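In what follows, residues are counted from 1 in the order of the sequence shown. Everything numeric here is computed off the predicted structure, so don't read it as measured data.
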Amino acid sequence: MLEAMPHRAAIWNFLFGRLTLDSLPFLANNAEGRILLVTLAVVVIIGVAILAAITKARKWGYLWHEWFTSVDHKKLGIMYMILGTVMLLRGFSDAIMMRAQQAYAFGPHMGYLPPQHYDQIFSAHGAIMIFFVGMTYIVGLMNYIMPLQIGSRDVAFPYLNNLSFWFTFGGAILFMVSLFLGDFSMAGWLGYPPVSELQQGPGVDYYIWGLQLSGVGTLLTGINFVVTILKMRAPGMTLMKMPVFTWTTLATSGLIIATFPVLTATLFLLGLDRYVGTHFFTDGFGGNLMMYINLIWIWGHPEVYILILPLFGVFSEIVPTFSGKPLFAYSSMVYATIAIMILSYLVWLHHFFTMGSGADVNSFFSLTTMMIAIPTGVKIFNWLFTMYRGRVRYTVPMLWAMGFLFTFTIGGMTGVMLSVTPADFLLHNSLFLIAHFHNVIIGGVVFGVFAAVNFWFPKAFGFKLDEFWGKATFWFWLVGFWVAFGPLYVLGLMGVTRRLSHFDDPSLQPYFIVAAFGAFLIALGILSFIIQIYVSIRQRKEYAVGGDPWDGRTLEWSTSSPPPEYNYAFIPVVHHRDAWAAMKKFGFTRPRGGYNDIHMPKNTPTGVVIGALAFACAFGLVWYIWWLAALSLLGVIVVSIVHSFDYHQHHHIHADEVRRSESGSNQAAAQGASA
């Protein structure tokens with residue numbers, strides 16, 4: 001009997017790696033276990049309800065054929081946005097838990113989160129919000145809008161677009177699995193060694209492989225978008241006639257191509273330290289901890305501009321549309337975008353001024369950090385001058401733009417404060433830095449995403465979003481942000497450091513209580529957004545619109561809402577910067593005949609299969625299930641090779657079908673206009 005036990009243990013270890021019952025933290029009889037058990041119950045109930053609803057409606061076949069296997073850039077863009085919204089709920093739940101803990105944990109009261117659990121929460125919050133909320137939202141926006149703006153029928157590599165999404169989805173699911181199976185990294189959202197090397201268990205490995213999957217997906221997307229913009233623009237659309245959103249997409253994609261391989265290599269080296277026992281980042285064994293910090297920030301600071309540049313493009317479309325004027329100084333806006341793209345490579349070291357780089361190095365990076373504020377300021381003034389003497393319509397998208405101008409400008413000013421090295425020595429690692437970072441990300445990225453959703457939602461679905469709940473969302477977010485992060489500026493100036501889960505000084509507690517109330521207001525903003533979507537869908541017939549509900553200026557508004565699979569029955573010819581505004585000015589009307597067959601890519605299940613295999617490989621690596629990792633990796637290679645021999649990846653939409661689609665689009669446009 002005793003001889004059989006080691007044999008059984010060996011079989012278990014081979015089949016399940018380091019997975020044991022102890023890997024289920026929600027079974028633990030402690031505060032952490034009870035929190036996770038309640039969370040698991042809620043997730044299971046919601047998940048079962050959604051699956052039951054889909055099954056009852058018999059929509060599985062529809063979802064598989066029309067969405068999951070789709071290579072249509074528009075459907076992939078919508079799926080990215082849905083994934084970003086789901087991950088926003090997860091990431092913001094972590095934020096609420098942190099704020100509640102900090103508001104309560106003073107003196108003898110240790111709060112409801114054990115320190116180990118709190119460390120996992122703030123690490124997961126940062127990583128999820130950057131990689132699976134911010135990145136998925138902006139990739140979704142670029143996916144949907146950019147091909148329409150350049151007059152293209154799809155992106156350059158449609159299959160690669162589908163594959164990119166499923167890689168990102170696999171990384172997101174791996175992060176979600178870490179909530180209930182094992183633990184998560186406690187090394188912050190950037191995984192600094194030595195914490196990330198010393199932490200035992202699967203937590204850091206979840207972090208590494210989740211980001212590797214999403215990073216590969218994002219890199220493929222960047223390559224795809226650059227080729228699409230450079231090679232597939234409509235006739236007559238020169239680079240200096242492209243919409244500014246397309247310019248920012250090009251700059252963002254260039255940054256992605258340049259920086260995400262650095263992230264992939266850095267995480268690979270960290271993985272070697274953990275799996276193989278190398279010491280690339282271990283000072284005592286010949287490695288260099290500062291090499292990791294330099295590498296991660298060489299990716300990390302351009303990442304901030306990867307997030308914000310597309311939203312600069314969003315505001316550059318919204319402000320002219322609702323001001324009734326062309327964008328002020330278009331050329332300077334383009335050059336400012338390029339300047340930001342280049343300078344973003346030259347500022348990474350300001351993230352560790354305090355680490356002994358020397359006065360010369362600090363001075364250089366301090367200067368470049370100040371310089372990058374110049375092209376950003378150019379953009380701010382361009383938007384203001386666009387509104388000057390314009391007929392400004394205060395729609396929901398325009399309200400988000402106004403809130404952005406106020407909030408982001410203050411965030412930029414505090415960033416310039418932090419670029420002054422002596423000031424950074426005092427404020428580094430304090431709550432002032434947290435407030436500044438959220439000032440930029442929420443004031444720029446989040447406000448920009450909500451502006452874009454309200455602006456282009458009618459284009460995607462054929463009806464507007466409810467205005468009342470849109471304004472409620474805006475005001476809850478704007479007021480909630482300042483109530484939540486205004487106190488953190490004060491606390492940072494008082495010297496309070498970040499990432500603390502307990503405090504001894506009771507005079508600090510009122511600030512944290514106010515900050516927690518601000519987070520509650522933001523939660524109401526998220527709830528208002530969900531209600532806005534629900535109410536708008538329920539009343540979609542009342543909110544139905546035509547192809548151009550805002551009197552838009554760029555090409556996407558020239559087609560129907562929603563656009564057909566092929567985007568344009570005839571590829572438009574561009575003569576002016578604001579192509580659609582010029583067409584309307586000169587009396588352009590959509591052709592009513594002369595249609596031809598249209599060549600389009602076919603849907604494929606390969607992206608779903610490879611994404612699932614990649615997830616299985618990553619899961620096997622996290623838990624040391626080597627047979628699963630090896631077989632899954634082999635499966636990825638085999639499926640990729642088999643797909644490369646599929647020579648029937650396209651189909652034709654016949655002219656009669658195009659005619660019927662265009663006739664229906666014209667009728668819907670007329671009905672929407674009359675409504």
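Across every non-hydrogen atom of Ala156 and Thr228, the tightest pair is N-OG1, 2.8 Å. Listed here is the closest heavy atom pair of Val155 and Pro147: CG1-CG, 3.8 Å. Across all their heavy atoms, Ala234 and Gly151 have their closest contact at CB-CA, 4.1 Å. Nearest heavy atoms, Leu88 versus Val133: N-CG2, 3.5 Å. When all heavy atoms of Thr259 and Pro302 are compared, the closest pair comes out as CG2-CB, 3.6 Å. For the residue pair Gly607 and Tyr159, the shortest heavy atom distance occurs at N-CE1, 4.0 Å.
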Does the pair Met333 and Ser316 meet the rule for a side-chain contact (heavy atoms from CB on, under 4.5 Å), with working shown?
CA-CA 9 Å; Met333 185 70 84; Ser316 297; 3.7 Å; yes

Side chain to side chain donor-acceptor pair (under 3.5 Å) between Asn382 and Ser332, intermediate numbers included:
CA-CA 8 Å; Asn382 282 4; Ser332 68; 3.1 Å; yes

When you look at Ser331 and Met240, which way does the side-chain contact (heavy atoms from CB on, under 4.5 Å) test go after all the steps?
CA-CA 8 Å; Ser331 298; Met240 293 307 288; 3.8 Å; yes

Please lay out, stage by stage, how Phe175 and Phe132 fare under the test ring pair (Phe, Tyr, Trp, His ring centres under 6.0 Å).
CA-CA 9 Å; Phe175 265 54; Phe132 298 110; 4.9 Å; yes

Does the side-chain contact (heavy atoms from CB on, under 4.5 Å) test come out yes or no for Met402 and Met387, once each step is laid out?
CA-CA 10 Å; Met402 302 291 281; Met387 287 186 281; 3.6 Å; yes

Would Val319 and Leu327 count as a side-chain contact (heavy atoms from CB on, under 4.5 Å) if you check the C-alpha gap in whole Å, the side-chain angles of each, and the deciding distance to 0.1 Å?
CA-CA 8 Å; Val319 172; Leu327 181 68; 5.7 Å; no

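With hydrogens and angles disregarded, no donor-acceptor distance shorter than 3.5 Å links the side chain of Asn161 to the backbone of His73. Side-chain atoms of Thr554 never come within 3.5 Å of backbone atoms of Glu556 as a donor-acceptor pair (strictly under, hydrogens ignored). Distance alone, capped at 3.5 Å, places no donor-acceptor pair between the Lys241 side chain and the Asp578 backbone. Proximity of a side-chain donor or acceptor of Arg153 to a complementary backbone N or O of Tyr568 within less than 3.5 Å is detected. Within the 3.5 Å criterion, the main-chain N or O of Phe157 finds a donor-acceptor partner in the side chain of Asn224. At least one donor-acceptor pair closer than 3.5 Å links the side chain of Arg540 to the backbone N or O of Ile537. Proximity of a side-chain donor or acceptor of Ser164 to a complementary backbone N or O of Leu220 within less than 3.5 Å is not detected.
A parallel orientation is assigned to the rings of Trp557 and Trp456, their planes being inclined by less than 30° (bins at 30° and 60°). Aromatic ring orientation, Phe68 versus Trp64: perpendicular (interplanar angle above 60°, classes split at 30° and 60°). Taking the six-membered ring for Trp and thresholds of 30 and 60 degrees, Trp383 and Phe315 have ring planes more than 60 degrees apart, a perpendicular arrangement. In this pair, Phe463 and Phe457 present their aromatic rings perpendicular. The plane angle is above 60°, beyond the 30 to 60° band.
Gln532 and Asn454 share a side-chain donor-acceptor pair at under 3.5 Å. Using modelled atom types and a 3.5 Å distance limit, the side chains of Ser561 and Lys459 yield a donor-acceptor pair. There is a side-chain donor-acceptor pair under 3.5 Å between Lys379 and Thr337. Judged by distance alone, the side chains of Tyr137 and Thr85 do bring a donor and an acceptor atom under 3.5 Å apart.
Checked against salt bridge (Lys or Arg N to Asp or Glu O under 4.0 Å), Asp154 has no partners two or more places apart in sequence or in another chain. Every residue was checked against the salt bridge (Lys or Arg N to Asp or Glu O under 4.0 Å) condition with Glu657, not counting sequence neighbours, and none meets it. Annotation: salt bridge (Lys or Arg N to Asp or Glu O under 4.0 Å) contacts of Lys584 (sequence neighbours excluded): Asp548, Asp551. Applying the salt bridge (Lys or Arg N to Asp or Glu O under 4.0 Å) test to Asp72 and every residue at least two apart in sequence or in another chain returns Lys74. The ring pair (Phe, Tyr, Trp, His ring centres under 6.0 Å) search around His652 returns His599, not counting sequence neighbours. With sequence neighbours left out, Tyr543 forms a ring pair (Phe, Tyr, Trp, His ring centres under 6.0 Å) with no residue at all.
Taking 4.5 Å as the limit, every side-chain heavy atom of Pro326 sits out of range of all side-chain heavy atoms of Pro320. Within the 4.5 Å cutoff, side-chain heavy atoms of Leu295 are placed close to those of Val262. Leu263 has its side chain out of reach of Glu303: every pair of non-hydrogen atoms, C-beta onward, lies at least 4.5 Å apart. Two residues are said to be in side-chain contact when any heavy atoms from C-beta on lie closer than 4.5 Å; Thr376 and Ile340 meet this criterion. With contacts defined as side-chain heavy-atom distances shorter than 4.5 Å, the pair Thr409/Phe404 does not qualify. Annotation: side chain of Val304 is not in contact with side chain of Ser344 (no heavy-atom distance under 4.5 Å). Trp247 is listed as a side-chain neighbour of Leu250, based on a closest heavy-atom distance under 4.5 Å. With a 4.5 Å cut-off on side-chain heavy atoms, Val449 and Leu311 count as touching.
Note that CG of Leu399 is 13.0 Å distant from CZ of Arg393, once rounded to the nearest 0.5 Å. For the atom pair CE (Met81) and OG1 (Thr136), the distance works out to 8.5 Å, reported to the nearest 0.5 Å. Put simply, CD on Gln149 and OG1 on Thr246 are 4.0 Å apart, with the number rounded to the nearest 0.5 Å. With values rounded to the nearest 0.5 angstrom, Asn603 atom CG is found 7.0 Å from Lys75 atom NZ. Here the OG-CD1 distance, from Ser253 to Ile306, works out to 9.0 Å after rounding to the nearest 0.5 Å. In this structure, the separation between SG on Cys617 and CG on Leu634 is 10.5 Å, given to the nearest 0.5 Å.
Taking the ring centroids of Phe408 and Phe447, they lie at or beyond the 6.0 Å cut-off. The aromatic ring centroids of Phe586 and His576 lie less than 6.0 Å from each other. Between Trp299 and Phe131, the ring centre distance stays below 6.0 Å. Ring to ring, Phe385 and Phe328 are close: their centroids are under 6.0 angstrom apart. Aromatic ring centres of Tyr345 and His301 lie farther apart than the 6.0 Å criterion allows.
Note that Lys464 lies in the cation-pi zone of Trp550, set by a 6.0 Å cut-off to the ring centre and a 45° limit from the axis.
Summarising the local packing, CZ of Phe570 is surrounded by more than 12 heavy atoms from other residues, nucleotides or ligands at distances under 6.0 Å.
Tested against Phe455, the residues Phe245, Trp400, Phe322, Tyr144 include a single ring pair (Phe, Tyr, Trp, His ring centres under 6.0 Å) partner, Phe322.
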